[in-house]
Amino acid sequence: MTGNQPAGPVEHLVGMRLPPVALPSSRGRMVRLDQEPSRWAVLYCHPRIGRPGEPSPGGDATWDAIPGARGCTPQSCGYRDHYAELQGLGAAVYGVSTQSTESQREAAERLRLPFELLSDAAGELRRALHLPIFEVNGEVFLQRLTLLVTGGRIAACIYPVDPPGADAEHVIEWLQGHREI
């Protein structure tokens, strides 16, 4: 876990204010993360949640060769399984990817996610925060990272997220250790 001193392509994020960008949600509404009323907003950025039986972009061999590409379903399910604990710590949870809202709605229903998935298909949040990406066959995907936001400002960034399925547990540990913020 990187905590307060991230490195590499995310070192600029800690301390940044979230931009006034409205993202479409898997629940059919627009969400402005800079206006999140909860004490904390946990924003986990991920490449894409695949559908069973659907090939990975570029094929499995290509997708598997990209560090951090695999693991979106375990990451999302980890947040689902720890959702009540995160809420108890004053955190709202959002997953964000470049997938369409329709794809996210399907994934949220199939995985029984109690939180919203947000679509940055237009790239507004990605460009405003200069989030790291990768491309496969001309399609843009977010690199996996998690932002912990309070008062509209990024307090911490977890990058890289490894393993993805333990991300929610790492966030809980971080929040428990930073109650004074």
Side-chain angles (χ1 to χ4, degrees), residues 1-3 5-14 21 23-27 31 33 42-83 86 93-148 154 156-174:
M1 181 157 130
T2 307
Q5 299 301 319
V10 298
E11 61 190 7
H12 66 284
L13 290 170
V14 174
V21 172
L23 298 176
S25 120
S26 55
R27 294 190 183 154
V31 174
L33 294 166
V42 176
L43 179 62
Y44 73 96
C45 301
H46 59 94
R48 68 184 287 277
I49 299 173
R51 289 185 184 186
E54 182 180 279
S56 300
D60 286 346
T62 298
W63 195 252
D64 290 345
I66 300 168
R70 287 257 181 233
C72 299
T73 297
Q75 185 179 25
S76 297
C77 290
Y79 277 103
R80 175 197 66 203
D81 296 346
H82 292 284
Y83 185 68
L86 286 156
V93 175
Y94 299 95
V96 66
S97 73
T98 59
Q99 287 179 280
S100 71
T101 304
E102 177 185 313
S103 292
Q104 291 178 329
R105 186 174 298 115
E106 182 280 328
E109 290 172 5
R110 176 172 37 88
L111 299 174
R112 298 179 321 278
L113 302 180
F115 52 85
E116 295 172 271
L117 297 177
L118 306 177
S119 175
D120 190 29
E124 291 179 85
L125 184 69
R126 170 183 55 88
R127 284 190 297 276
L129 293 177
H130 305 286
L131 296 175
I133 61 166
F134 64 92
E135 292 185 42
V136 176
N137 294 341
E139 200 173 345
V140 174
F141 299 94
L142 297 176
Q143 286 186 21
R144 188 180 315 283
L145 63 96
T146 302
L147 302 175
L148 292 98
I154 300 169
C157 177
I158 300 171
Y159 178 86
V161 174
D162 189 40
D167 189 32
E169 294 168 15
H170 293 149
V171 167
I172 288 167
E173 289 173 23
W174 193 92

Can any side-chain N or O of [X] pair as donor or acceptor with the backbone N or O of [Y] at less than 3.5 Å?
X: Asp60; Y: Asp64; value: no
X: Arg144; Y: Val161; value: no
X: Ser119; Y: Thr98; value: no
X: Gln99; Y: Ile49; value: yes
X: Ser100; Y: Ser103; value: yes
X: Arg70; Y: Trp63; value: no
X: Arg127; Y: Ala122; value: yes
X: Ser76; Y: Cys72; value: yes
X: Gln104; Y: Leu118; value: yes

Could you tell me the separation between the [atom1] atom of [X] and the [atom2] atom of [Y], rounded to the nearest 0.5 Å?
X: Ile158; Y: Leu148; atom1: CD1; atom2: CG; value: 5.0 Å
X: Ile154; Y: Leu13; atom1: CD1; atom2: CG; value: 5.0 Å
X: Tyr159; Y: Leu131; atom1: OH; atom2: CG; value: 10.5 Å
X: Gln143; Y: Ile133; atom1: CD; atom2: CD1; value: 8.5 Å
X: Arg126; Y: Leu142; atom1: CZ; atom2: CG; value: 7.5 Å
X: His130; Y: His12; atom1: NE2; atom2: NE2; value: 6.0 Å

Nearest non-hydrogen partners of [X] and [Y], listed with the distance:
X: Asp162; Y: His170; value: O-CE1, 4.2 Å
X: Pro24; Y: Thr101; value: CB-OG1, 3.5 Å
X: Pro47; Y: Gly68; value: CG-O, 3.9 Å
X: Val140; Y: Glu135; value: CG2-CG, 3.9 Å
X: Arg110; Y: Arg51; value: NH2-CA, 3.8 Å

For Tyr79 and Leu113, what are the C-alpha separation, side-chain angles and deciding distance, and is it a side chain to side chain contact (heavy atoms under 4.5 Å, CB included)? CA-CA 8 Å; Tyr79 277 103; Leu113 302 180; over 6 Å; no
Which of these, Ser97, Pro57, Cys45, sits in a side chain to side chain contact (heavy atoms under 4.5 Å, CB included) with Phe141? Pro57
The single option from Leu43, Thr146, Leu145 that satisfies side chain to side chain contact (heavy atoms under 4.5 Å, CB included) with Cys157 is Leu145
Assign the ring pair Phe115 / Tyr44 to parallel, tilted or perpendicular, where the plane angle (0 to 90°) is split at 30° and 60°. perpendicular
Derivation of the side chain to side chain contact (heavy atoms under 4.5 Å, CB included) call for Leu86 and Ile172: CA-CA 7 Å; Leu86 286 156; Ile172 288 167; 3.6 Å; yes
Does CD in Glu102 sit with more than 12 non-hydrogen atoms of other residues, nucleotides or ligands closer than 6.0 Å? no
State whether Arg105 and Glu116 are salt-bridged, where the test is any N-O pair (Lys NZ or Arg NE/NH1/NH2 against Asp/Glu carboxylate O) under 4.0 Å. no
Can you tell if the side chain of Val93 reaches within under 4.5 Å of the side chain of Tyr83, non-hydrogen atoms only? yes
Would you sort out whether Leu147 and Leu129 count as a side chain to side chain contact (heavy atoms under 4.5 Å, CB included), showing the intermediate values? CA-CA 11 Å; Leu147 302 175; Leu129 293 177; 4.1 Å; yes
Test side chain to side chain contact (heavy atoms under 4.5 Å, CB included) applied to Leu111 and Cys77, step by step: CA-CA 7 Å; Leu111 299 174; Cys77 290; 4.0 Å; yes
